[in-house]
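Step one of this worksheet: look at the structure below.
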Amino acid sequence: MSRRICALLLLACLLIACTPRQAAPAEPLAAFQPYLGRSLSYLSRQVDNTGLLHAGPYESAARHWLVPDNRLALWAFEAAHATEAATKLHTALAAMAPAKHGLIEAMQGEAIPWPPHSAVQQEVQPGIWIETYGGDSIADWESDCALDFIAALHAWNSGDTGEAQRLYAEAMGKFDAAGCRRPELPDRYLTRDLALAIFTGARIGEQVDKRRIDALVALQTPSGGFTTQYTAEGPQGNPTTADTAYVALALMAVRQE
């Protein structure tokens with residue numbers, strides 16, 4: 001057999017061996033792009049004459065949360081390279097007093113105080129609110145799977161891979177087929193919990209079960225937004241800015257694996 005033929009056969013083998021690994025990221029991008037696009041469109045429509053996103057389209061329309069809602073939306077626009085939307089929202093936020101949430105910053109790799117404290121909500125201007133985790137210490141925070149995921153991200157950002165993996169596994173142990181089981185919501189689930197499960201798994205390098213992602217995108221409402229709660233039958237209530245932003249960030253985290 002000639003050297004030329006041997007070389008061609010070797011090249012073909014290498015291409016066959018490499019193709020699956022190189023092609024793997026393309027599936028999430030193709031499969032979830034429509035859901036991501038609709039969620040970003042929903043977020044864009046929540047911007048009103050304040051330059052900020054309001055909390056939701058109905059009873060909460062006049063309320064604007066600097067954190068978490070608008071900060072999460074800004075990160076979603078930035079991650080999606082929606083430059084115009086991100087620039088406008090950044091300008092609107094820059095005109096306000098700086099506000100730290102105390103938890104969501106871990107999603108951006110920032111250091112946060114730990115262990116967590118309870119949420120405090122405050123109106124800083126008429127119709128402008130902030131939620132900060134600066135109240136009393138939460139002694140049993142590991143019973144809350146959302147806080148488990150934030151703790152896993154906190155550990156990961158601190159370089160403690162083992163603790164991040166332990167906390168992630170602990171949180172996933174609270175899940176059934178539909179979502180995280182919460183004693184206070186025996187027949188309902190929180191969309192945020194499912195989005196954080198996907199986001200955190202992708203961020204710390206865990207294998208994200210595609211069935212979880214399918215379950216998440218199935219909760220998208222016709223408006224493109226996502227509701228706070230859902231049941232095994234589907235979304236409940238009205239979509240919100242915060243929950244839609246959590247989902248958008250989760251889908252982009254998977255896309256970037």
Side-chain angles (χ1 to χ4, degrees), residues 28-29 31-96 99-101 103-108 110 121 127-131 146 149-150 190-200 202-203 213 215-230 234-256:
L29 175 61
F32 307 124
Q33 187 69 37
Y35 302 98
L36 175 58
R38 288 194 289 270
S39 67
L40 292 169
S41 177
Y42 173 87
L43 291 174
S44 297
R45 296 196 304 274
Q46 305 319 303
V47 179
D48 59 23
N49 57 10
T50 66
L52 299 169
L53 287 77
H54 51 69
Y58 299 105
E59 67 277 0
S60 56
R63 185 168 292 199
H64 309 76
W65 293 91
L66 299 183
V67 287
D69 300 31
N70 277 270
R71 188 63 60 183
L72 289 167
L74 176 63
W75 295 340
F77 289 145
E78 290 175 339
H81 304 292
T83 306
E84 183 177 355
T87 300
K88 289 180 178 178
L89 182 52
H90 185 274
T91 300
L93 287 171
M96 305 287 172
K100 284 277 189 181
H101 184 254
L103 292 181
I104 62 171
E105 290 82 8
M107 298 173 70
Q108 291 294 101
E110 296 180 30
Q121 298 176 341
I128 309 293
W129 289 72
I130 59 173
E131 178 184 75
F149 289 130
I150 295 296
L190 296 184
T191 303
R192 177 193 59 178
D193 292 342
L194 185 53
L196 278 173
I198 293 166
F199 180 93
T200 305
R203 181 57 56 87
I213 306 169
L216 181 63
V217 298
L219 298 174
Q220 190 167 48
T221 66
S223 69
F226 288 79
T227 61
T228 297
Q229 297 184 8
Y230 66 97
Q236 304 294 309
N238 299 317
T240 73
T241 291
D243 292 285
T244 304
Y246 274 118
V247 172
L249 289 166
L251 294 180
M252 282 185 281
V254 174
R255 188 181 69 172
Q256 293 164 6

Close side-chain approach of [X] to [Y], heavy-atom, < 4.5 Å:
| X | Y | answer |
| --- | --- | --- |
| Leu216 | Thr191 | yes |
| Tyr246 | Ile104 | yes |
| Phe77 | Leu89 | yes |

**Message:** For a quick check under 3.5 Å, do Thr228 and Asp243 share a side-chain donor-acceptor pair by atom type?
**Reply:** yes
**Request:** Check whether the side chains of Gln121 and Glu131 place a donor and an acceptor atom closer than 3.5 Å, and report yes or no.
**Result:**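 Indeed, the side chains of Gln121 and Glu131 share at least one donor-acceptor pair under 3.5 Å.
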Separation between [atom1] of [X] and [atom2] of [Y], rounded to the nearest 0.5 Å:
| X | Y | atom1 | atom2 | value |
| --- | --- | --- | --- | --- |
| Phe199 | Leu251 | CZ | CG | 11.5 Å |
| Gln236 | Thr221 | CD | OG1 | 12.5 Å |
| Leu196 | Leu190 | CG | CG | 10.0 Å |
| Gln33 | Tyr35 | CD | OH | 12.5 Å |
| Leu74 | Lys88 | CG | NZ | 14.0 Å |
| Thr241 | Leu43 | OG1 | CG | 6.0 Å |

For the student: nearest non-hydrogen atoms of [X] and [Y], plus distance:
| X | Y | answer |
| --- | --- | --- |
| Ala248 | Leu40 | CB-CD2, 4.4 Å |
| Ala80 | Met252 | N-SD, 3.4 Å |
| Tyr42 | Gly224 | CB-C, 3.8 Å |
| Leu52 | Ile128 | CD1-CD1, 3.6 Å |
| Pro235 | Thr227 | CB-OG1, 3.4 Å |

**Request:** Give a yes or no on whether a salt bridge exists between Glu110 and Lys100, defined as a side-chain N under 4.0 angstrom from a carboxylate O.
**Result:**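 The answer is yes: the pair qualifies as a salt bridge.
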Backbone of [Y] reached by a side-chain donor or acceptor of [X] within 3.5 Å:
| X | Y | answer |
| --- | --- | --- |
| Arg203 | Met107 | yes |
| Ser39 | Gly225 | no |
| Glu78 | Ala76 | no |

**Asked** Which class fits the ring pair His54 and His64: parallel under 30°, tilted 30 to 60°, perpendicular over 60°?
**Response** perpendicular
**Item:** Residue Glu84 excluded, over 12 heavy atoms near CD under 6.0 Å
**Value:** no
